[in-house]
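Written out below as structure tokens is the structure these notes cover.
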There are 2 protein chains.
Amino acid sequence: MSLDQLQAVVTIAEEGTLLRAARRLHISQPPLTRKVRALEEELGVALFDRGARGMRPTPAGHTLVASARGILAAVDAAAVSVRRCADGRGGEREGPGPER
Amino acid sequence: MSLDQLQAVVTIAEEGTLLRAARRLHISQPPLTRKVRALEEELGVALFDRGARGMRPTPAGHTLVASARGILAAVDAAAVSVRRCADGRGGEREGPGPER
DNA sequence: CGGCCCCATACCGAGACGGTATGGGCGCGC
DNA sequence: GCGCGCCCATACCGTCTCGGTATGGGGCCG
């Protein structure tokens, strides 16, 4: 599991189709297919229901999307905290707090 | 920034030297050097002080280690939640809560 | 029934990742 | 003061994953 894959899952869930998600992620559709399938195989769980209309998240997929949003936000917050800690001054408490 | 790099930073901070951290991560020392340097350049911040004795985290490094621990725990919790959601039964509330 | 949209697969090239070998720097013991 | 050992940094190379293009199969709509 990688942050890349989590971002992919979140975007697909938001867009509903691989093509639109791929456009938003600045990649092509086939790599996205592989990313999702790889994650599904790694977890041993189907994350999306494929239909002729697009992809709809399964209950497991929905759960993962919710968790992934928090994780991605935490990563971003961590980067900000680290830069804050060394950029201007040299002392800051750990403050990635604003998660979820 | 990748989960791999976060894991590396945490392990290095715990072990104090690249060699011991590399052993724990089942990789070699040179790739670890590159991982850390890449992350430092990406953030524009020095994460460790290199001395003849080993590597000691800077304040920024310490901050990142703390955040990284929470993120990695959240990722693990997410995987568990997803599997729980689809493994036995088909309905579970989103419960990655125990983070940090 | 024809057309369209969407996902899946096959194949290929480039970039990233990891491993081995080697060098430079510093502290410690003799 | 000098040699030794530890540790991080760099150079080079093989492999493997990742992304892109081209193509196929399937279902819904008009």
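Numbers restart at 1 for each chain; the letters A, B, ... are given by sequence-line order, proteins then strands.
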Identify which nucleotide among D:dA22, D:dG20, C:dC6 has an atom closest to any side-chain atom of A:T17, counting heavy atoms from C-beta outward. C:dC6

Under 3.5 Å, is there a donor on one side chain and an acceptor on the other for B:T11 and B:E15? no

In Å and rounded to the nearest 0.5 Å, what is the NE2 to CZ distance from A:H26 to A:R23? 12.0 Å

Quick one: A:L19 CG to C:dC7 P, roughly how many Å, whole number? 7 Å

Nearest whole Å is fine: how far is C:dC7 C1' from A:I27 CD1? 14 Å

Residue-phosphate contact under 4.0 Å: A:T33 side-chain N/O, C:dC7 OP1/OP2: no

At under 4.0 Å between heavy atoms, what does A:R34 touch on the DNA or RNA strands: base, sugar-phosphate, or nothing? base

Minimum-distance nucleotide (side-chain atoms of A:R53 versus D:dA9, D:dC29, C:dC26): D:dC29

If you compare all heavy atoms of B:V45 against all heavy atoms of A:R83, which two are closest, and at what distance to 0.1 Å? CG2-CA, 4.3 Å

Nearest-Å distance, CG (B:L18) to P (C:dG18)? 14 Å

Return whichever of B:R20 or A:K35 has its heavy-atom-nearest nucleotide of DNA chain D closer to the 5' end. B:R20

Let me know, please, whether B:G16 or A:P31 comes out on the 5' side of the other along DNA chain D by nearest nucleotide. B:G16

Using a cut-off of 4.0 Å on non-hydrogen atoms, how would the nucleic acid contact of A:S28 be classed: base, sugar-phosphate, or nothing? base

Is A:E14 salt-bridged to A:R69, cutoff N-O under 4.0 Å? yes

